[in-house]
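Computation of the quantities below employed the complete heavy-atom set of this structure, encompassing side-chain atoms and omitting hydrogens, waters and symmetry-equivalent molecules.
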Amino acid sequence: MGLPTSRAELIFDHDVSAESAGAVEDVFRELGFAPSARRRLTHRGPAELTWLMLASLPLQAFLTGLGGEVVKDLYAKAKKLAPGAKEGKSDPRPPLVLQDAKTELNVVLEADLPAEAIRALAGLDLAAYRNGPLHYDRHRKKWRSELDELGEAED
């Protein structure tokens, strides 16, 4: 179903259980990726982006080759990684981040994205963006890079 020769580097937050991380690794294997998983260091600087999982892979091929339902399924499974996710905590959970292995463009998946965001993600043309990270704008109902927009405004 996925891309059999593609690698996916998965970096999990130290708070993610080994069982949960293993389940997400299994999802990537089922999609035809060869996952390589590790943990990030527990020490964080004050300016460091806080995320639950970073998946570095050939992102455009992943998004266009697998389709919206597969991306939606992976998102649903991966967001359960958050401690307290099963208990239904209302605290904001750290996001999941997809990173293009070649360009290092980041797509940030917040824990409470609407279904329309995931559908739009599956058809997203990453070549249209120069800088990241990309976030879903609920008001405009589209994926955006504020840094790209800043650059266009300055030109």
Colleague: Find the distance between CG (D148) and CG (N131) and round it off to the nearest 0.5 Å.
Modeller: 5.0 Å
Colleague: What residues, two or more places apart in sequence or in another chain, satisfy salt bridge (Lys or Arg N to Asp or Glu O under 4.0 Å) together with K102?
Modeller: none
Colleague: Please list, chain by chain and in numerical order, all residues satisfying side chain to side chain contact (heavy atoms under 4.5 Å, CB included) with A117, sequence neighbours excluded.
Modeller: L113, P114, Y136, W143
Colleague: Would you call V16 and R39 a side-chain contact if the rule is heavy atoms closer than 4.5 Å?
Modeller: yes
Colleague: Taking side-chain hydrogen bond (donor to acceptor under 3.5 Å, both in side chains) as the test, write out the residues that go with Q60, two or more places apart.
Modeller: none
Colleague: Partners of E9 by salt bridge (Lys or Arg N to Asp or Glu O under 4.0 Å), sequence neighbours excluded?
Modeller: R38
Colleague: Please work out which of the three classes, parallel, tilted or perpendicular, describes the rings of F28 and F33, given edges at 30° and 60°.
Modeller: perpendicular
Colleague: Looking at CG of L57 and CG of L98, how far apart are the two atoms once the value is rounded to the nearest 0.5 Å?
Modeller: 6.5 Å
Colleague: State, to 0.1 Å, how close P58 and S6 come at their nearest heavy-atom pair, and which atoms those are.
Modeller: CG-OG, 3.9 Å
Colleague: Does R144 use its side chain to pair, donor to acceptor, with the backbone of L134 at less than 3.5 Å?
Modeller: no
Colleague: Could you check whether atom CD of E116 has more than 12 heavy atoms from other residues, nucleotides or ligands sitting under 6.0 Å from it?
Modeller: yes
Colleague: Quick one, M53 and L109 - any side-chain contact, counting heavy atoms below 4.5 Å?
Modeller: no
Colleague: How about L59 and L105: do any of their side-chain heavy atoms sit closer than 4.5 Å?
Modeller: no
Colleague: Counting C-beta onward and ignoring hydrogens, is there a side-chain heavy-atom pair between F12 and S17 closer than 4.5 Å?
Modeller: no
Colleague: Taking all atoms of both residues into account, what is the closest heavy-atom pair of V108 and P95, and its distance?
Modeller: CG1-CB, 3.6 Å
Colleague: Quick one: list whatever passes salt bridge (Lys or Arg N to Asp or Glu O under 4.0 Å) with D26, sequence neighbours left out.
Modeller: R29
Colleague: Who are the side chain to side chain contact (heavy atoms under 4.5 Å, CB included) partners of S36, not counting sequence neighbours?
Modeller: R7
Colleague: My understanding is that only residues two or more places apart in sequence, or in another chain, count here; which of them pass side-chain hydrogen bond (donor to acceptor under 3.5 Å, both in side chains) with T103?
Modeller: D100
Colleague: Listed by chain and number, what are the salt bridge (Lys or Arg N to Asp or Glu O under 4.0 Å) partners of R140, not counting sequence neighbours?
Modeller: D137, E149
